[in-house]
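Structure, as structure tokens:
Keep in mind that what you see is a predicted model, and the values were worked out from it rather than measured.
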Number of protein chains: 2
Amino acid sequence: MGLSIGQVAERTGLSVHALRFYEREGLLADPVRRESNGRRVYSEDDVDWLAMCIKFRSSGMPLDTIRRYTELVRQGSGNELDRLDLLRSHQDYITAQLEDLQESLRVITHKVSIYEEHVAAGTASCLWTDASSTEGPARASSA
Amino acid sequence: MGLSIGQVAERTGLSVHALRFYEREGLLADPVRRESNGRRVYSEDDVDWLAMCIKFRSSGMPLDTIRRYTELVRQGSGNELDRLDLLRSHQDYITAQLEDLQESLRVITHKVSIYEEHVAAGTASCLWTDASSTEGPARASSA
DNA sequence: TTAAAAGCTAGAGTGTTGTCTAGGTCAAGT
DNA sequence: ACTTGACCTAGACAACACTCTAGCTTTTAA
């Protein structure tokens with residue numbers, strides 16, 4: 001039931017350094033329990049919480065915001081609207097990221113397909129000399 | 001036809017600092033032309049190239065990789081397969097990001113909906129006291 | 001019993017991506 | 001003449017999120 005920092009590092013993929021760092025930064029709902037010798041003992045709940053933090057992080061939430069969220073949870077009930085606000089705005093942020101990424105993917109896929117055509121053509125004979133229509137400044141190498 | 005650094009900053013959304021920085025970092029296909037007085041003169045092609053760099057950046061390509069790509073383009077024809085490689089691997093990277101983000105969105109949307117239920121219930125009467133089933137360590141506040 | 005492995009704290013160091021400052025030039029307007 | 005504003009270079013500084021080091025204690029395995 002109680003996990004050492006090393007075990008938690010293994011399970012979460014965070015380094016032990018990062019785990020201590022996150023704790024110092026106030027990202028854990030409660031300051032991790034300690035054994036008599038001072039060593040950290042993590043519960044499954046701690047690991048779940050960390051997993052959530054990792055999801056937040058990987059979707060671009062800054063540590064600062066995770067800390068604010070953590071504080072709200074730590075304060076207990078009464079601020080659910082604030083938590084909801086924070087979550088919704090992160091939701092919006094993710095949605096915006098998704099749209100940007102999809103657009104980026106569209107653009108790069110287009111570039112890839114142009115290069116593929118060129119390369120396919122070039123496999124037969126090396127007749128083309130620049131990436132015109134894919135690279136801006138390389139275009140026609142002129143005014 | 002020739003744009004000042006300030007105009008390019010306006011058009012691209014990059015700061016003039018960032019524009020000079022990108023140039024120093026070798027992210028521009030050719031070192032920007034200068035007026036007699038040393039001031040930069042950007043062409044539309046430069047702006048197009050910058051727009052592409054911005055797309056690369058915003059989809060998580062490090063400056064380092066953009067520089068490598070730029071170098072390939074600068075070298076001229078003959079390395080199209082290398083460019084294609086680089087582009088394809090970034091394409092894969094974006095795809096992976098999209099999947100991660102979608103998963104994150106799923107998780108956070110679930111949390112949001114749980115909070116919404118709680119808050120809706122609480123609007124009538126403040127009967128619930130914690131975020132159990134949404135927050136790990138806050139759960140039942142016990143062993 | 002002793003050596004390796006794992007943990008601890010405090011704090012320094014790092015990589016990335018810019019941003020800002022200092023000190024100066026140049027052109028235009030008043 | 002003088003101020004304002006855009007531009008220049010070189011280089012210092014900064015935010016973010018870790019990562020690593022030093023110096024120490026404790027646990028575990030041989």
* Structure fact -> Out of D/dT19, C/dG18, C/dG7, minimum distance to the side chain of B/R57 belongs to C/dG18
* Asked: Of all residues at least two apart in sequence or in a different chain, which pass the salt bridge (Lys or Arg N to Asp or Glu O under 4.0 Å) check with A/R88?
  -> B/E116
* To do: Take the protein atom CD1 of B/I66 and the nucleotide atom C1' of C/dG18, then report the distance between them rounded to whole Å.
  => 13 Å
* Roughly how many Å is it from NE2 in B/H17 to C1' in D/dC13, rounded to a whole number? -> 13 Å
Sub-3.5 Å pairs of nitrogen or oxygen atoms, protein against nucleotides 9-12 of chain C:
{"residue": "C/dT9", "atom": "OP1", "partner": "A/R34", "partner atom": "NH1", "Å": "3.2"}
{"residue": "C/dT9", "atom": "OP1", "partner": "A/R34", "partner atom": "NH2", "Å": "3.1"}
{"residue": "C/dT9", "atom": "OP2", "partner": "A/R40", "partner atom": "NH1", "Å": "3.1"}
{"residue": "C/dT9", "atom": "OP2", "partner": "A/R40", "partner atom": "NH2", "Å": "2.8"}

* Structure fact -> In whole angstroms, the gap separating C1' of C/dA6 from CD1 of A/I5 amounts to 10 Å
* Asked: Does B/Y22 place a side-chain N or O at less than 4.0 Å from the phosphate oxygens OP1/OP2 of C/dG18?
  -> yes
* To do: Please answer whether the main-chain N or O of A/G2 pairs with a side-chain N or O of A/R33 as donor and acceptor at a distance below 3.5 Å.
  => no
* Structure fact -> Result for 5'-nearest mapping on DNA chain D, choosing between B/V41 and A/D64, is B/V41
* To do: Let me know the distance between CG of B/L19 and P of D/dA6, rounded to the nearest Å.
  => 15 Å
* To do: Report yes or no: does B/Q97 contribute a side-chain atom to a donor-acceptor pair with the main-chain N or O of B/S59 at less than 3.5 Å?
  => yes
* Take the protein atom CG of B/L27 and the nucleotide atom P of C/dT16, then report the distance between them rounded to whole Å. => 14 Å
What N/O pairs connect the protein and nucleotides 27-30 of chain D at under 3.5 Å? Give each pair on its own line.
{"residue": "D/dT27", "atom": "OP1", "partner": "A/N37", "partner atom": "ND2", "Å": "2.9"}

* In whole angstrom, give the distance that lies between atom CZ of B/F21 and atom P of D/dC13. => 17 Å
* Asked: What is the distance, rounded to the nearest whole Å, between atom CZ of B/R33 and atom C1' of D/dC7?
  -> 17 Å
* Starting at atom CD of B/E23, determine the distance to atom C1' of C/dT17, rounded to an integer number of angstrom. => 17 Å
* Is there a donor-acceptor pair under 3.5 Å between the side chain of B/R83 and the backbone N or O of B/L87? -> no
* Asked: Distance check: side-chain N/O of A/S4 vs OP1/OP2 of C/dG7, anything under 4.0 Å?
  -> yes
* Asked: For the side chain of A/R57 and the backbone of A/M61, is there at least one donor-acceptor N/O pair under 3.5 Å apart?
  -> yes
* Side-chain donor or acceptor of A/R39 paired with backbone N/O of A/R34 under 3.5 Å -> no
* Do any N or O atoms from the side chain of B/Q7 and from the backbone of B/S4 form a donor-acceptor pair under 3.5 angstrom? -> yes
* B/W49 side chain to B/L27 main-chain N or O, any donor-acceptor pair under 3.5 Å? -> yes
* To do: Check for a donor-acceptor pair, side chain of B/E80 on one end and backbone N or O of B/G78 on the other, with a separation under 3.5 Å.
  => yes
* Distance test, side-chain N/O of A/S15 to OP1/OP2 of D/dC18, below 4.0 Å -> no
